[in-house]
Amino acid sequence: MSNILVNIKGLNSQEFPKGVTPLQIMTDTKGVSKDSIICKVDGVLTDLSAQLSNDCELQFMDSKSKDGHSVLLHSTAHLMAQAVKRLFPKTKVTIGPYLENRFYYDFDVETPFLEEDLAKIEAEMVNISNENLEIIYEVKSRDEALSFFDNIEEDYKVEIINDLDEDEILKVYSQGEFTDLCRGPHVPSTGTIKHFKLLSSSAAYWRADENNQTLQRVYGTSFQNEKDLKKYLNMLEEQKKRDHRKIGKELDLYFFDDEVGPGLPLWTPNGAVMIDQLEALAKEKETASGYLRVKTPHLTKGELYEKSGHLKHYISSMYPAMDVDGIDYYMKPMNCPHHHKIFANTPKSYRDLPYRLSEYGTCYRYEKSGELFGLMRVRSMQMNDAHIYCTEEQFKDEFIGVCNLYMDYFKIFGIEKYEMRLSLHDPKGLGEKFIDNAELWKKTEDDVRNALKSANLKFVESVGDAAFYGPKIDVQVWSSIGREFTLATNQVDFAVPERFDLTYNDNDGTSKTPLCIHRAPLGTHERFIGFLIEHFGGNFPLWLAPKQVIVLPVSDKYNDYAEKVTKDLKSKGIRAYLDKRSEKIGSKIRDAELQKINIMIIVGEKEVENKTVTIRRRFIKEQKELSLDNFSNEVLTEINERRVSN
RNA sequence: GCCUGCGUAGCUCAGUAGGUAGAGCACUUCGUUGGUAACGAAGAGGUCACCGGUUCAAUCCCGGUCGUAGGCUCCA
């Protein structure tokens, strides 16, 4: 038998007999970490049980590496599937991929899993892990694989195989009695998987299609050691504490009421302050950037949405029409058609462009009940909306201008974790989901891509996520429990202006149709505030905080002075409150801390005498005594600069 | 919209083999007048989400409705 030369990364090259497996090399070679669970052969992720037949470069990896962790997660999904099959033999398995730090597996089961079931499954997983079953794979022909899975009645696997390309190499993994179709690779044995936790179970549709069978999805996580697992689970717990639904209640920012309706938030005085601040910021920025503000009604005839195409594309998520004197009226689901009307109301010259109309109009959308989610997904929403009408030549600058505007906002809020997504059309949806003009789509998408590239903005592309009238840039963020949301959006519309006969006279005297950019850098104010609540964990920067200052008299004796101080601050526009309760100072401080109020002012005998205030900032025990004027000047500066740090 | 779970005081939560409920915090009043994360006492507060059914009797069991949670689907 001939030998092959294996260059083990981090060690020397060594000769091994042809057909040797990385697992054998790992066991026999000093210096290779016994924690390795997977390897790369010439850069390709490979099972440790794969036979090596050529000279190669071999890199061992443990599950601390990103690739290694993905494999561990994936193998844990298989481990779970095996446990499920043991406990519920009639289950049919489907797919079980890994995600970031998590995995899931979808099962077709007779009855959905309950929480007790998850505990049972987890216990069986521990058993299988202890059995330390070797995980091996075989390459099968299409026919062999089909007859195998058909025989064990794994219908979904049969369907998957039938849908795969003819030349796809089919791998079948086995661990003990459990066999699954899978691309792999996997860890060498079930004993490798020791530190895992099932997180939740829920429903999911087969192939993500709501017309298909409902499956049960179980999510879980898995790590190389107990410490990392605990750390991750702790992190999840910590994140839950930032949930805007929880903090929104604790800080009394907004609520929903059964008699008002689901998805229709009521903003309390505290929350309304935040909306006001957001609006003030946006108005300031937009005025500086040449936007003109408009106001339009909440209710409009169906005719308008017929023309815009919204009725065709979105009727199922609009509130049903109300009949007024025999005519259908709708709650407005977006502002654009109204803005188009305003554009068209007076003749436009090329000198008027770019023409930027902005409005924080409240729109109403009948989101499906199951889609509602705190402030992130609501049925009445205030859009941070504007439409920019411009020439093709102006398009690039305007588009980049909008992107820069929201980057500017993100900087103000210290938002760093987001992803810009260029959403493109899917040619398959032309004429249906997307306006039927393949050439124009291509041209516009290229324009947007080029604009982004020239501005050095990083982005990913996503086919099929465009609006029906054009491509868009969405800024994606994640809620504290990990759900993804579009926070800001910037969209090109090459179709609707024409439907509205929007024109301008160009410098050569001809009439032309402008392009329209729909943009909402702060998305909806509901969602943006929801996001900010989680982003700051309720610890808002001073300028945004509903309650900026609370005055705490040491005892009732100093209430008069405290009252004077509070009044003075209020007169300067500072959101100051007074806590006159007959409580000890420690108790008042505790309550102010729990309410996450930025600044506490303590006044007692000393302050009355010195005509000063002693301040204590949220989370900071050190105190500072200074004159009221100095204090209010400092506070006003911090507010005006919209400073983010504490 | 779909699947499953959940819904008890303003909030966080106990509780009842089916006999109409309880704590802590918050609130009100009284006492206390205190210097940096909980002063003490008393009081008030509930159609146990709603509607029906079973039962002598339902907060509890059954059905429906509404809301909500986790996901899926959708998101102009």
Colleague: Nearest-Å distance, CZ (A:R617) to P (B:rU36)?
Modeller: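 Taking atom P of B:rU36 as the reference, CZ of A:R617 is at 21 Å.
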Colleague: Cation-pi between A:K249 and A:F255: NZ/CZ under 6.0 Å from ring centre and within 45° of the ring axis?
Modeller: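 No; the conditions do not both hold, so A:K249 does not lie above the ring face of A:F255.
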Colleague: What is the distance, rounded to the nearest whole Å, between atom CZ of A:R590 and atom P of B:rC25?
Modeller: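 It is 10 Å, rounded to the nearest whole Å.
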Colleague: Distances under 3.5 Å between protein N/O atoms and the N/O atoms of nucleotides 26-33 of chain B, please, pair by pair.
Modeller:
residue: B:rU32; atom: O4; partner: A:S582; partner atom: OG; Å: 3.0
residue: B:rU33; atom: O2; partner: A:S555; partner atom: OG; Å: 3.0
residue: B:rU33; atom: O2; partner: A:D556; partner atom: N; Å: 2.8
residue: B:rU33; atom: N3; partner: A:D556; partner atom: OD2; Å: 2.9
residue: B:rU33; atom: O4; partner: A:D556; partner atom: OD2; Å: 2.6

Colleague: How is A:R217 classified with respect to the nucleic acid when contacts are heavy atoms under 4.0 Å: base, sugar-phosphate, or nothing?
Modeller: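 Since only primed, P, OP1 and OP2 atoms lie under 4.0 Å of A:R217, the category is sugar-phosphate.
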Colleague: Would you say the side-chain atoms of A:T214 pair up with the backbone N or O of A:Y205, donor to acceptor, closer than 3.5 Å?
Modeller: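 Checking the backbone N and O of A:Y205 against the side chain of A:T214, no donor-acceptor pair under 3.5 Å is found.
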Colleague: Could you state the CD-P distance from A:E593 to B:rA38, rounded to the nearest angstrom?
Modeller: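 Nearest whole value for this atom pair: 11 Å.
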Colleague: Determine yes or no for a side-chain-to-main-chain donor-acceptor pair under 3.5 angstrom, with A:D106 supplying the side chain and A:W206 the backbone.
Modeller: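 Such a contact is absent between A:D106 side chain and A:W206 backbone.
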Colleague: May I ask you to verify if any side-chain N or O of A:K588 is less than 4.0 angstrom from the OP1 or OP2 atom of B:rU36?
Modeller: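 The answer is no; no side-chain N or O of A:K588 sits under 4.0 Å from OP1 or OP2.
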Colleague: Check if the side chain of A:E115 and the base of B:rG70 share a donor-acceptor pair of N or O atoms closer than 3.5 Å.
Modeller: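 A donor-acceptor contact between them is absent.
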Colleague: Is it true that the NZ or CZ of A:R483 lies under 6.0 Å from the centre of A:F373's six-membered ring and within 45 degrees of the ring axis?
Modeller: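 Cation-pi check for A:R483 and A:F373: passes.
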Colleague: Any chance the rings of A:F103 and A:Y219 have centres within less than 6.0 Å?
Modeller: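 No, the ring of A:F103 stays outside the 6.0 Å limit from the ring of A:Y219, centre to centre.
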Colleague: So A:Y254 and A:H244, would you call those rings parallel, tilted or perpendicular, with 30° and 60° as cut-offs?
Modeller: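 Taking A:H244 first and then A:Y254, their aromatic rings lie parallel (interplane angle under 30°).
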Colleague: Out of B:rG34, B:rA76, B:rU73, which has the shortest distance to the side chain of A:E371?
Modeller: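 Output: B:rU73.
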Colleague: Ignoring backbone atoms, establish whether A:Y366 has a side-chain N or O less than 4.0 Å from OP1 or OP2 of B:rA76.
Modeller: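 Indeed not, no polar side-chain atom of A:Y366 lies that close.
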Colleague: In this structure, how many angstroms lie between the P atom of B:rA38 and the CG atom of A:L552, rounded?
Modeller: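 About 14 Å, once rounded to whole Å.
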Colleague: Is there a side-chain contact between A:K249 and the phosphate of B:rU12, meaning an N or O under 4.0 Å from OP1 or OP2?
Modeller: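 For A:K249, the contact criterion (side-chain N or O under 4.0 Å from OP1 or OP2 of B:rU12) is met.
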Colleague: Give a yes/no answer on whether the side chain of A:K368 brings an N or O atom under 4.0 Å of OP1 or OP2 in B:rU73.
Modeller: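 Result: no.
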Colleague: Can you tell me which nucleotide in B:rG5, B:rA76, B:rG70 comes closest to the side chain of A:Y314?
Modeller: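 The answer is B:rA76.
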Colleague: Find out whether the Lys NZ or Arg CZ of A:R379 is both under 6.0 angstrom from the six-membered ring centre of A:Y366 and within 45° of the ring's axis.
Modeller: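 Yes, a cation-pi geometry holds between A:R379 and A:Y366.
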Colleague: Give the rounded distance in Å between these two atoms: CG of A:L198 and P of B:rG71.
Modeller: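 Answer to the nearest Å: 15 Å.
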Colleague: When you measure from the centre of the six-membered ring of A:Y156, is the NZ or CZ of A:K92 closer than 6.0 Å and no more than 45° off the axis?
Modeller: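 Not satisfied by the 6.0 Å and 45° rule.
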Colleague: Starting at atom NE2 of A:H313, determine the distance to atom P of B:rC75, rounded to an integer number of angstrom.
Modeller: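 Distance, rounded to whole Å: 12 Å.
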Colleague: Please state how far atom NE2 in A:H425 lies from atom P in B:rA76, giving the value in whole angstrom units.
Modeller: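 Checked: the NE2 to P distance equals 16 Å.
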Colleague: Check whether any side-chain N or O of A:E607 sits under 3.5 Å from a backbone N or O of A:V613 as a donor-acceptor pair, and report yes or no.
Modeller: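 Pair absent, no side-chain N/O of A:E607 close to backbone of A:V613.
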Colleague: Report yes if a donor N or O on one partner sits less than 3.5 Å from an acceptor N or O on the other, where the partners are the side chain of A:R377 and the base of B:rC75; otherwise report no.
Modeller: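 It does, because a donor-acceptor pair links the side chain of A:R377 to the base of B:rC75 below 3.5 Å.
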Colleague: Would the distance check show the side chain of A:D493 and the main-chain N or O of A:A495 forming a donor-acceptor pair, the cut-off being under 3.5 Å?
Modeller: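 Yes, because the side chain of A:D493 sits within donor-acceptor range (under 3.5 Å) of the backbone of A:A495.
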Colleague: Looking at A:E238 and A:K241, is there a salt bridge between them, counting it only when a charged N and a carboxylate O are closer than 4.0 Å?
Modeller: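 A:E238 and A:K241: salt-bridged.
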Colleague: Please list, pair by pair, any protein nitrogen or oxygen found under 3.5 Å from a nitrogen or oxygen in nucleotides 67-69 of chain B.
Modeller:
residue: B:rG67; atom: O2'; partner: A:D258; partner atom: OD1; Å: 3.4
residue: B:rA69; atom: OP1; partner: A:R245; partner atom: NH1; Å: 3.0

Colleague: Taking atom C1' in both B:rC50 and B:rA26, compute the distance separating them and give it to the nearest angstrom.
Modeller: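 About 27 Å, rounded to a whole number of Å.
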Colleague: Aromatic rings A:F107 and A:Y105: how do their planes relate, parallel, tilted or perpendicular, breaks at 30° and 60°?
Modeller: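 The arrangement is parallel - the two ring planes meet at less than 30°.
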Colleague: Run A:Y389 and A:L515 through side-chain contact (heavy atoms from CB on, under 4.5 Å) and show every step you take.
Modeller: CA-CA 6 Å; A:Y389 304 87; A:L515 276 175; over 6 Å; no
Colleague: C1' atom, B:rU59 versus B:rC13: distance in rounded Å?
Modeller: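 Comparing C1' positions in B:rU59 and B:rC13 gives a spacing of 16 Å.
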Colleague: Would the base of B:rG1 count as contacting A:Y205 through its side chain, where contact means a donor and an acceptor less than 3.5 Å apart?
Modeller: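 Pair found.
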Colleague: Where each pair must be Watson-Crick or G-U wobble with both distances under 3.5 Å, what dot-bracket representation of RNA chain B is obtained, with crossing pairs in [ ] and other-strand partners as |?
Modeller: (((((((..((((.....[..)))).(((((.......))))).....(((((..]....))))))))))))....
Colleague: Look at the side chain of A:P333 and decide which nucleotide, out of B:rA37, B:rA76, B:rC39, has an atom nearest to it.
Modeller: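 The closest nucleotide is B:rA76.
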